[in-house]
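Working notes for the structure below.
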Amino acid sequence: MPVGGSALFSGFRVLGLYSGHVPHALRYHQKHREFYVVTAVGRSFHTYNVNRLGIVAVSNSLPDDISCVAADRMLVFAAAGRDISAFARNKEVVMRYHGHRQEVRLLLPLGDQLISADAGGDVIVWDVQGGDEYLRLQFDSASFSVSAMMHPSTYLNKVLLGSSQGALQLWNIKTSKLVFTFPGWSAGVTSLQQSPAVDVVGVGTATGRIIIHNIRLDETLMSFTQDWGPISSLAFRTDGPPIVASGSPQGHIAFWDLERRQLVTQLRNAHSTAVAAATFVHREPLLVTNGADNAIKVWIFDQEGGGARLLRSRQGHSAPPTTIHHHGNDGKNILSAGQDGTLQSFSTVHERFNKNLGHGSINKKKEKKKKKGLSYEELRLPAITAFSSAAARQSDWDGIVACHRGRLATTTWNYQRCTMGAHHLQPPAARGNAIATAVDITSCGNFAVIGSSCGRVDVYNLQSGQHRGCYGNDEKAHSGAVRGVATETLNQMTFTAGSDWLLKFWRFKTNSWLHANSVVFLFPVSGMLALALDDFTLAVVDIETRRVVRKFAGHHGNVNDMTFSPDGRWLVTAAMDCTIRTWDLPSGSLVDCFLVAMAPVGVSLSPTGDFLATAHVDSLGVYLWTNKSLCGPVGLRPLPADHQPTEETLPGVTADESEQEVTSEEVDDAYRSAEQLGAELVTLSLLPESRWKSLLHLDVIKRRNKPVAPPAAPAAAPFFLPTLPGLTPRFAEPTPSEQETQVQLLLLLLLPRRAFISDIYILTRNSPEIPITKPTRLHVNNHLTSEGGGAKRTLLRLSSRLEAGWAELRASFDQSLCLLTYAKSALL
């Protein structure tokens, strides 16, 4: 196996990561005439276009998690720890700024300078191009701890600093002098925002108060107070209506009218966590928000009364996923259930095919009414612990059944409608403290088999939601909790495993007991059952012979999940020892093993075998790994018992190739040589021979293509011939000064046409003014330029004949058109 890690799987990309707790940055690209939003996710940042929320760029990773981001017209700045990095083209690091002694918390681009503030009270002004420190201001954290920064509009070289103690200071960064100090409002400043009006800024405080203050006159114009805690962000609308938006730690957003000085509307539960940032798009009725719930949302203000609705969003799990499974036979969709209680579907093709099935509710009718004193959290179901899906009859009825933490009743979900179903499947008579522990749907999509902690295994009809029976005597299939259930492809047998160390085989129709064996967890495919035992070992049971045919040992922690390959040859397992192992069933040996940084809790191999999906502890994304055996030959050999696996780096987010790449506004015409294969090798061009072979004779080609004479301007000729006004088109006679020039130009056009010269010869044959001779070039030129004017009269006579012929042709055409119209109307 290569030193790099896995010989069978290679990291491809991660799904479902969009935003973190860091406030986003909004920038406008003048060349593309489009707005882009930059969000920080871990050690890198993502760039999305606001029009479609499609990812266009992913930056290179930094050594530490990003604490804040900012953007100007050219660069994107990201702070990680005590260092600041400047990114060009939203990907490459072009400059680093070192000098802070503690973690950087705030960034503010201001022209050619960058202002940064850290947790220790240092504010540094950097030269963006050179990376040098221009100015350093030191504040005492006990008396003035910088918590917000902004640049007042039209205030040259001025920056306004807000503190957690409540005071504000206006500084001149060019002269490093304090201009003015505002005493504050006895509350810590959490947000500063410039309003559309000059000299007026918005101040958000830790007590939930919003102050609209005139810094020129040091006068408070108005103030508002929200009841949801501190102000997490402020934003002013710039497309007309005087509206200011305020975010809260509860995820609510309030909109205040500055003219009427009152609350206009509010967005409840816009985010499930605190609103990290809210920004209005310049001169558009759009609001961009992001939060720590891993969501980016764009709201549009087109509702009656000034309300907003969700226009588009990109949202993943706000808590780590616990269970993942591929849905359907094409392997393009992955169902994921997270600790946040939501059920989502991620597409491996494009993000626009992602689906959010939402959060289950205990009672939909109560949720719609919201008038019985129940809070939003009381109506929500707990997190999903296990689920099963089938695509056979999903267009007819619900095709997903889920078990919830601490609840006996299971819920049904509809994949196509992206909603929770109407059925709550619960056994007719069960213990009050029992909970549902395992679920499986038959391959036909008609029945659901559900196991509970009291030992019951019940069968339900998914179309009607009715109870169809249970397994075992005295309505108990096991003496302990049921840990796994599975059904055969042909619906002939049902397999159940319990904490009593028994694996039981049941007839699906008669519910009779066939056989028992010791087991904990099972997974059926192609006539095989995979079992994970409490001693960290694995067992593979043949369904036909009901015997253990393979045993695998090697994990040093609980086996969380397992999956078979589509051909049934490999068994992929994930355990708490942070390893993902691949077992070869024909040889009965371990053929691949690699370590990951976080323990995997879920694993699923696509039905086509091209991707392996994994979910990990404390990670919000679903990671995809490509199967190398589909791309080329992979030599898999049995690994020794003392094999030490190598850690494999988790894949990151990749930009979508269909979206337009955000490039710098400055065009770089410098030629960059292709990457060389080696120091002693020559890298040749991939162009055909005809494109580069002529470069050897470039001087000869230039000398041969050199023009003989400079280009001459064409003779001036009128674009339109002058005509006389009237119903009959007639050409105007040229003036005596223009007659000679026009005759010469007309001669150049007429002489090459022998047919036209023949017509002139026929017309002038009987003319007494011109001798009857065969016209030649010199002869015609002499007669046209003679002072007698015979040629002129001849051309005018020819023109009158042409006009008469055209008039007759037009009259006959009008008559034909009239007859055609009459015949058409008569037939109809």
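A quick note: this is a predicted structure, and the numbers were derived from the prediction, not measured.
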Take V14 and L650 through the test side-chain contact (heavy atoms from CB on, under 4.5 Å) and record every step on the way to the result.
CA-CA 8 Å; V14 61; L650 292 176; over 6 Å; no
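Judged by distance alone, with hydrogens and angles left aside, the side-chain atoms of T579 form no donor-acceptor pair with the main-chain N or O of R581 at under 3.5 Å. Judged by distance alone, the side chain of T47 and the main-chain N or O of V56 form no donor-acceptor pair under 3.5 Å. The closest donor-acceptor contact from the side chain of K628 to the backbone of V634 lies at 3.5 Å or more, if one exists at all. Under a 3.5 Å cut-off, the side chain of S388 and the backbone N or O of I441 do form a donor-acceptor pair. Looking at T322, its side chain does come within 3.5 Å of a backbone N or O of A337 through a donor-acceptor pair. With hydrogens and angles ignored, the 3.5 Å screen pairs no side-chain donor or acceptor of R393 with any backbone N or O of G445. N558 contributes no side-chain N or O that, together with a main-chain N or O of M576, makes up a donor-acceptor pair within less than 3.5 Å. In terms of modelled atom types and a separation under 3.5 Å, the side chain of T385 and the main chain of C403 share a donor-acceptor contact. A donor-acceptor distance shorter than 3.5 angstrom exists from the side chain of S604 to the backbone of H326, with no hydrogens or angles considered. Between the T39 side chain and the S19 main chain, no donor and acceptor come within less than 3.5 Å of each other.
For the atom pair CG (L62) and CD1 (I84), the distance works out to 11.5 Å, reported to the nearest 0.5 Å. For the atom pair K355 NZ and L335 CG, the distance stands at 9.5 Å (nearest 0.5 Å). Here the CD1-OG distance, from I400 to S345, works out to 8.0 Å after rounding to the nearest 0.5 Å. Atoms CG and OG, on D584 and S589 in that order, are 5.5 Å from each other to the nearest 0.5 Å. Note that the NZ atom of K91 and the OG atom of S59 stand 9.5 Å from one another [nearest 0.5 Å]. Distance check, rounded to the nearest 0.5 Å: CD1 of I580 to OG of S6 gives 8.5 Å.
Using bins of under 30°, 30° to 60° and over 60° for the plane-to-plane angle, the ring pair F505/F495 lands in the perpendicular bin. By the 30° and 60° cut-offs, the orientation of the rings of Y415 relative to H327 is tilted.
For the residue pair H325 / T323, no side-chain donor-acceptor distance below 3.5 Å is found, with atom types taken as modelled. Residues S499 and H478 bring no donor and acceptor atom of their side chains to less than 3.5 Å of each other.
Geometrically, R314 does not engage Y48 in a cation-pi contact, judged by NZ or CZ lying under 6.0 Å from the ring centre and within 45° of the ring axis.
Sorted by first and then second residue, the ring-ring contact (aromatic ring centres under 6.0 Å, His included) pairs with a member in residues 540-561 read F552-W583; sequence neighbours excluded. Within the structure, no pair that satisfies the salt bridge (Lys or Arg N to Asp or Glu O under 4.0 Å) test touches residues 321-344, not counting sequence neighbours.
In this structure, F9 has no ring-ring contact (aromatic ring centres under 6.0 Å, His included) partners at least two apart in sequence or on a different chain. A search for ring-ring contact (aromatic ring centres under 6.0 Å, His included) contacts involving Y18 returns nothing, not counting sequence neighbours. Taking E103 as the reference, nothing meets the salt bridge (charged side-chain N to carboxylate O under 4.0 Å, His left out) condition, with sequence neighbours excluded. When the salt bridge (charged side-chain N to carboxylate O under 4.0 Å, His left out) test is applied to D577, no partner is found at least two apart in sequence or on another chain.
Under 4.0 Å is where a charged nitrogen must lie from a carboxylate oxygen, and between K476 and D500 no such pair does. Salt bridge status for R456 with D458: present, with a side-chain N to carboxylate O gap under 4.0 Å.
Nearest approach of V541 to V548, heavy atoms of both residues: CG2-CG2, 3.9 Å. Closest of all the heavy-atom pairs between A7 and D592 is N-OD1, 2.9 Å. Residues F346 and S336 come closest through the heavy atom pair CE1-CB, 3.9 Å.
Counting heavy-atom neighbours within 6.0 Å of R407 CZ, excluding the residue itself, gives a total above 12.
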